Amino acid sequence: MNIIARIFLNEDRRLRHIWRAAIFFGLVTFGFPLLTQPLAEWVIHKYHIQPVLSAANIAFAEAINLVFALIATAIFAMFERRGLGAYGLPLRRAFGANTWEGFVAGIAMAGAVAVGMYVLGGMQIHGLALTGQALAMAGLAWLGANVLVGLAEELWFRAYFLQSLWKSIGFWPASIVIAAIFAALHYFFKEGENIWDVITLVSLSMMLCYSVKRTGTLWFAVGFHIAFDFMQFFVIGTPNGNLIPQGRMFDVTFNGPTWLTGGLLGTEASFLMYPAIALLWLYIIVRYRPAAVEAATA
């Protein structure tokens, strides 16, 4: 092969994994959104969708992201002659122990941060914001929306994209690249972002990548992502990007120093996140031994 061919192709004349990863990310992040932008804008105007933090808006945006990620993954699965579940999300393990363990971990982390803010005086609870049927419907709506969040964002960042980078540059460099991209997208496109939230996002992304290495699947990460965001938006009702979640469980106010409450960014940017993340890192290290990972990925 000539020099140009060697840049793009392996010895078997198949596209190198680094380029597969780049094309996958480019399609999901830029290509498909540009192609479908006119349709998305038509839907927004047709149904008068307002820029508010609601379960419906989150579900709409993340359903689109999920479709994009699924299509791109399917394209590369056909190219590599593998099944969709080969990239960390085998359907037979969707409701398995890893998913529920991640779900419990997400509830515990967000709940611990909320309790800390409450005890230290940064969060005040004035009772329930909703009751009866309205509370139940809002809870179901937010749960459904965050199921889409967990599936879409994990399939986008830590399924095919992680595995292709992993094969190309190694696990830790791949995890660092993904964490940097994940944080950058939030930093440049989300109102009120600051360095403290970036630290949280990088730490969480690295931790979720590590959970894939240790458990052999993405289901722990999906379960965690669903539960953590559900707690933030519905149960705690924390601000996110200067927006207040609509249809939250509690009538709460956040009056305290920014280091405690996270300010415009809420739970994610609270300094209480850092020890919580460290404890979950430790849990994953102790809970999932390397030998168990070898068995899971065999």
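On a predicted model such as this, the values are computed, not experimentally measured, just so you know.
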Taking all atoms of both residues into account, what is the closest heavy-atom pair of [X] and [Y], and its distance?
X	Y	result
T261	M117	CA-SD, 3.6 Å
L148	A63	CD1-CB, 4.2 Å
F228	M109	CE1-SD, 3.9 Å
A134	L130	O-CD1, 4.0 Å
V113	L272	O-CD1, 3.6 Å
N10	R20	ND2-NH2, 4.3 Å

request  = Identify whether the distance between the nearest side-chain nitrogen and carboxylate oxygen of R14 and E80 falls below 4.0 Å.
outcome  = no
task = Using only heavy-atom distances, determine whether the side chains of S175 and W166 contain a donor-acceptor pair under 3.5 Å.
result =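 S175 vs W166: no donor-acceptor pair found between side chains.
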query = How many angstroms lie between atom CZ of R214 and atom CZ of R289, to the nearest 0.5 angstrom?
reply =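 Reported to 0.5 Å precision, the distance equals 7.5 Å.
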When you measure from the side chain of [X] to the backbone of [Y], do you find a donor-acceptor pair of N or O atoms at a distance under 3.5 Å?
X	Y	result
E268	L265	no
H225	A221	no
W100	F95	yes
S54	N57	yes
R248	V252	yes
T238	T267	yes
R16	L9	yes
S211	L208	yes

task = Run the ring-centre check on W142 versus F230 and record whether the distance is less than 6.0 Å.
result =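 Ring-ring flag for W142/F230: false, centres at least 6.0 Å apart.
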Hey, are the side chains of [X] and [Y] touching, using non-hydrogen atoms and a 4.5 Å cut-off?
X	Y	answer
I285	Y210	yes
L89	L84	no
H126	Q124	yes

query = Which word best sums up how the rings of Y160 and F24 line up, parallel for under 30°, tilted for 30 to 60°, or perpendicular for over 60°?
reply =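 If you compare the ring of Y160 with that of F24, the planes turn out tilted.
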request  = Take the angle between the ring planes of F224 and F220 and call it parallel below 30°, perpendicular above 60°, tilted in between.
outcome  = parallel
request  = Could you list the residues that satisfy side chain to side chain donor-acceptor pair (under 3.5 Å) with S205, not counting sequence neighbours?
outcome  = R158
ask   = Which salt bridge (charged side-chain N to carboxylate O under 4.0 Å, His left out) pairs, counting each pair once, include a residue from residues 49-68, with sequence neighbours left out?
value = none
query = Should side-chain heavy atoms under 4.5 Å link Ile, Leu, Val, Met, Phe, Trp and Tyr, which residues sit in the same cluster as L282?
reply = V286
request  = Step through the shown structure and confirm whether more than 12 heavy atoms of other residues, nucleotides or ligands are within 6.0 Å of OH on Y283.
outcome  =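 Yes.
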ask   = Which of these, V198, N194, T200, sits in a side chain to side chain contact (heavy atoms under 4.5 Å, CB included) with W196?
value = N194
